[in-house]
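Every chain is numbered from 1 and lettered A, B, ... according to where its sequence line falls, protein lines coming before strand lines. Model, not experiment: these values are computed from the prediction.
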2 protein chains.
Amino acid sequence: MKREKPPTIKEIAKKLKISTSTVSRALHNHPSIGYITTLRVHKMAEELNYQPNQTAISFKQRKTYTIGVLLPNLSEAFFSTAISGIEEFAEQQKYNVLMGQSLDDPEREKRVLETMKTHRVDGMIVSISKNTDNYDHFDQLKKVNIPIVFFDRIPEKNDIHYTACNLELGLINAMVMLVKRGHTKIALINGPEKLLASNQRLEAYKKGLDENNIEVDKRFIVSSDLSKEGNQKAMKKLLALKSRPTAVITFNDYLALDAMAVAKENQLVINEDISFVSFANLPIWAYMDSRPLASIEQFPFKQGEKAAEILFSILKESSNEESIELSEYQQVIFDSELVTHG
Amino acid sequence: MKREKPPTIKEIAKKLKISTSTVSRALHNHPSIGYITTLRVHKMAEELNYQPNQTAISFKQRKTYTIGVLLPNLSEAFFSTAISGIEEFAEQQKYNVLMGQSLDDPEREKRVLETMKTHRVDGMIVSISKNTDNYDHFDQLKKVNIPIVFFDRIPEKNDIHYTACNLELGLINAMVMLVKRGHTKIALINGPEKLLASNQRLEAYKKGLDENNIEVDKRFIVSSDLSKEGNQKAMKKLLALKSRPTAVITFNDYLALDAMAVAKENQLVINEDISFVSFANLPIWAYMDSRPLASIEQFPFKQGEKAAEILFSILKESSNEESIELSEYQQVIFDSELVTHG
DNA sequence: TTGTACGCGTTATCAA
DNA sequence: TTGATAACGCGTACAA
């Protein structure tokens with residue numbers, strides 16, 4: 001069984017004894033082609049099961065109708081939700097999605113970016129790995145005119161497009177709720193200090209305390225590398241304090257899970273002896289018995305969708321060759337929302 | 001700011017006053033090219049920041065070094081875990097992953113498949129939507145020589161490559177465990193009847209009962225459309241029986257969550273008044289208080305990885321033009337494993 | 001060891 | 001309304 005090549009416009013042309021250019025135009029319903037010819041071409045195309053060779057088109061048009069999405073980890077709920085939103089948007093625009101994960105390894109991130117670049121994706125959506133501190137490889141893409149929209153985990157730069165989530169509002173609402181319930185000893189288990197996301201949480205935390213006229217107690221601020229062991233260690237550190245916190249805000253849901261487990265081991269009753277609030281990345285608290293009082297929702301789906309929207313607006317604009325590089329950087333910040341788990 | 005075209009071998013050739021073929025060969029370290037020339041070419045390529053235009057190569061070689069992955073839903077843990085495994089394997093092979101989701105809509109499935117076909121992916125990994133009952137569009141791909149490896153949700157045909165998971169072993173082990181604990185009234189909340197996966201579960205369930213010398217009681221077999229309401233309704237139906245089951249096996253973890261919630265509403269204590277076993281798709285039981293006694297693990301990551309492995313073995317083989325279509329269909333079935341949640 | 005010439009499938013320009 | 005031809009970037013058979 002020989003591998004037969006898919007039909008081309010050339011074949012259609014030959015069978016119909018017309019030129020390839022006529023076929024091409026007929027297939028695109030070009031007005032200059034006669035009605036009958038157009039009809040005959042379409043019929044023959046149907047008959048031969050013709051499909052345009054996208055690789056040839058991409059090559060010629062310098063456009064692949066493909067966007068690249070590079071995320072730290074596809075199996076994390078937060079990111080897989082986001083990618084679902086991105087895919088939906090892209091599908092509507094008849095674009096394809098090329099996917100890669102960095103696994104939080106900067107080297108892998110660079111490699112994946114490289115292959116996406118050589119594959120000539122039209123644009124990219126990127127959430128940077130938590131260990132990335134050098135953004136040169138991203139600038140490289142800019143040079144070859146591949147726009148990037150950063151998503152959620154963004155570099156600390158101004159000359160970029162991005163979507164992100166402002167954690168402040170949600171966190172401050174959380175604190176107001178905690179204070180209303182009588183909590184004053186509110187701790188924070190944060191992520192790695194070098195992470196931008198950690199900084200944001202810390203700042204918001206301090207601001208929240210301030211707005212509620214609570215002094216910052218440094219012992220209540222601990223951090224974890226986000227490994228299970230790190231999480232447990234951080235929580236244990238808090239529980240070892242003479243004056244224990246009565247409420248704990250955690251960097252994310254996974255951390256909350258680990259911290260709550262440690263609390264339970266210490267015979268503490270969740271949401272009685274000690275309350276939790278976490279930054280959301282799990283969708284299933286509603287089913288769980290021990291759960292945080294509330295989560296601070298960051299809307300991965302909406303964020304992903306928006307990132308895609310921004311990217312496509314850039315792509316469209318740059319194909320109207322007139323106005324290149326005219327628009328400013330698009331930076332959309334969603335407000336986090338407090339979701340209580342009654 | 002003009003969009004400058006990326007450098008090509010032509011440019012390198014011109015600057016070095018040699019021919020493009022020499023450049024091409026030098027870049028591939030062809031032995032026939034002199035050492036010095038090779039060196040000069042590499043240096044110039046470096047200098048100009050040359051990168052081969054993959055779209056041109058794909059076009060010429062009729063090979064895109066891209067595989068397509070089409071899954072029902074990227075935001076479901078089971079599938080996002082799988083895709084993580086697939087991506088890892090593909091990355092090792094320097095392949096790209098084009099991703100799409102059907103959202104269980106056969107029309108969307110068809111559309112996505114179509115665009116992947118026109119984009120000339122080298123091969124595909126597909127988990128079919130639960131509403132798909134016509135496989136013509138998959139056969140189309142076969143015709144144009146794009147191999148497909150089906151994954152987990154596979155069509156009922158023999159002439160395909162696939163990886164899947166045999167649920168029987170895990171389920172029978174589950175039943176043995178249940179019987180050992182004194183259960184004889186074991187119910188099954190199954191998925192939609194037309195789903196292959198439901199059939200498999202039902203067959204395994206019957207076999208499991210048989211091996212334990214328990215009669216099949218039809219009232220103990222109910223099914224759900226897998227919506228939250230459907231799940232609750234199914235569980236309520238079981239609880240409404242005069243002679244209630246003492247153990248319930250559920251189609252998947254989500255169903256177990258809903259069913260357990262209903263049980264709790266009825267003042268039943270999980271794993272005392274009524275026990276659960278589910279087919280696994282959630283990774284976080286360890287953290288939950290109410291959880292099934294055990295889950296039947298289906299290894300999405302391993303399955304995904306294996307599917308990728310099979311696909312690449314096919315791709316490699318078909319590039320050794322000698323032996324086309326020689327090999328048989330590769331069909332790998334993993335055994336499910338019972339994982340207890342002590 | 002290197003260069004010339006061609007073709008992959010499509011679209012665009014120019015000519016008829 | 002249609003056709004001939006060039007071009008996109010690369011690899012390669014053939015020639016030198």
Side-chain angles (χ1 to χ4, degrees), chain A residues 3-42 44-45 48-65 117-122 144-145 319 321, chain B residues 3-42 44-45 48-65 117-122 144-145 319 321:
Chain A
R3 96 155 32 188
E4 47 184 303
K5 271 193 281 180
T8 68
I9 49 172
K10 230 186 218 167
E11 272 177 59
I12 300 181
K14 202 186 261 177
K15 299 222 178 203
L16 258 37
K17 295 188 202 291
I18 56 181
S19 80
T20 59
S21 33
T22 306
V23 175
S24 173
R25 285 186 281 234
L27 287 173
H28 291 87
N29 296 314
H30 193 285
S32 80
I33 299 297
Y35 178 65
I36 302 184
T37 314
T38 305
L39 223 63
R40 286 180 65 218
V41 169
H42 273 110
M44 181 58 77
L48 296 181
N49 221 322
Y50 167 79
Q51 284 205 273
N53 182 338
Q54 187 61 39
T55 66
I57 297 175
S58 297
F59 168 52
K60 179 142 185 37
Q61 318 271 283
R62 293 200 186 77
K63 202 153 184 261
T64 54
Y65 298 93
K117 186 167 103 192
T118 65
H119 270 255
R120 298 284 196 270
V121 292
D122 293 341
V144 296
N145 239 288
S319 62
E321 304 271 352
Chain B
R3 98 156 31 188
E4 47 185 300
K5 270 193 282 179
T8 68
I9 50 171
K10 226 187 224 165
E11 272 177 59
I12 299 182
K14 202 186 261 176
K15 298 223 180 202
L16 257 36
K17 295 189 204 289
I18 56 180
S19 80
T20 57
S21 42
T22 307
V23 175
S24 173
R25 286 184 280 235
L27 287 172
H28 291 87
N29 297 314
H30 194 284
S32 78
I33 300 297
Y35 179 66
I36 301 185
T37 316
T38 305
L39 223 62
R40 288 179 63 220
V41 169
H42 274 110
M44 180 57 77
L48 296 181
N49 219 323
Y50 169 80
Q51 284 205 269
N53 183 338
Q54 186 61 38
T55 66
I57 297 174
S58 297
F59 169 51
K60 185 160 185 14
Q61 317 273 282
R62 293 201 185 76
K63 201 151 183 263
T64 54
Y65 298 94
K117 187 166 104 191
T118 66
H119 271 253
R120 297 285 196 268
V121 293
D122 293 341
V144 296
N145 240 286
S319 63
E321 304 271 351

Check: With a 4.5 Å heavy-atom cut-off, do A:V144 and B:Q51 have their side chains touching?
Finding: no

Polar atoms only, N or O, under 3.5 Å: list the protein pairs with nucleotides 6-8 of chain C and their distances.
residue: C:dG7; atom: N2; partner: B:K60; partner atom: NZ; Å: 2.9
residue: C:dC8; atom: OP2; partner: A:K10; partner atom: NZ; Å: 3.2
residue: C:dC8; atom: O3'; partner: B:R62; partner atom: NH2; Å: 3.1

Next item on the list: Rounded to the nearest 0.5 Å, what's the gap from OG1 on B:T37 to CZ on B:R40? Could you check?
Entry: 7.0 Å

Check: A:I33 has an atom CD1; how far is it from atom P of C:dA12, in whole Å?
Finding: 13 Å

Notebook entry, point to check: Residues in salt bridge (charged side-chain N to carboxylate O under 4.0 Å, His left out) with A:K117, at least two apart?
Noted result: A:E114

Next item on the list: To the nearest Å, give me how far apart CD1 (A:I9) and C1' (C:dT10) are.
Entry: 5 Å

Check: How many angstroms lie between atom CD1 of A:I57 and atom OG1 of B:T55, to the nearest 0.5 angstrom?
Finding: 12.0 Å

Item checked: Rounded distance (nearest 0.5 Å) linking atom CG of A:L27 with atom CD1 of A:I33 -> 10.0 Å

Note to self: Please report the distance, rounded to the nearest Å, between CZ in B:R40 and P in C:dT2.
What the structure shows: 10 Å

Next item on the list: Round to the nearest Å and state the distance from A:Q61 atom CD to D:dA7 atom P.
Entry: 17 Å

Next item on the list: Give a yes or no answer on whether the side chain of A:H28 reaches the backbone of A:H30 with a donor-acceptor pair at less than 3.5 Å.
Entry: no

Next item on the list: Measure across B:S19 and B:A13 and return the closest heavy-atom pair with its distance rounded to 0.1 Å.
Entry: C-CB, 3.8 Å

Item checked: DNA chain C contacts among residues 17-31 of chain B, heavy-atom distance under 4.0 Å -> B:I18, B:S19, B:S21, B:T22, B:R25

Next item on the list: Nearest whole angstrom, please: distance from the P of D:dC10 to the CD of B:Q51.
Entry: 11 Å

Item checked: Check: B:R120 main-chain N/O paired with B:T64 side-chain donor or acceptor under 3.5 Å -> yes

Notebook entry, point to check: What integer distance in Å separates B:K63:NZ from D:dC10:P?
Noted result: 18 Å

Check: Heavy atoms under 4.0 Å, any strand shown: does A:I57 hit a base, just sugar-phosphate, or nothing?
Finding: sugar-phosphate

Notebook entry, point to check: Starting at CG of B:L48 and ending at P of D:dG9, how long is that distance when rounded to a whole Å?
Noted result: 14 Å

Checklist line | B:P52 side-chain proximity, nearest of C:dT11, C:dT2, D:dC10 | finding: D:dC10

Next item on the list: Figure out the CD1/P separation between A:I12 and D:dG3, and round it to whole Å.
Entry: 14 Å

Next item on the list: Give A:T55 one of three labels, base, sugar-phosphate or nothing, depending on what nucleic acid heavy atoms sit under 4.0 Å from its own.
Entry: nothing

Next item on the list: Evaluate the criterion side chain to side chain contact (heavy atoms under 4.5 Å, CB included) for residue pair B:V23 and B:M44; output intermediate values, then yes/no.
Entry: CA-CA 10 Å; B:V23 175; B:M44 180 57 77; over 6 Å; no

Note to self: Between B:Y50 and D:dC10, is there a contact of a side-chain N or O with OP1 or OP2 at under 4.0 Å?
What the structure shows: yes

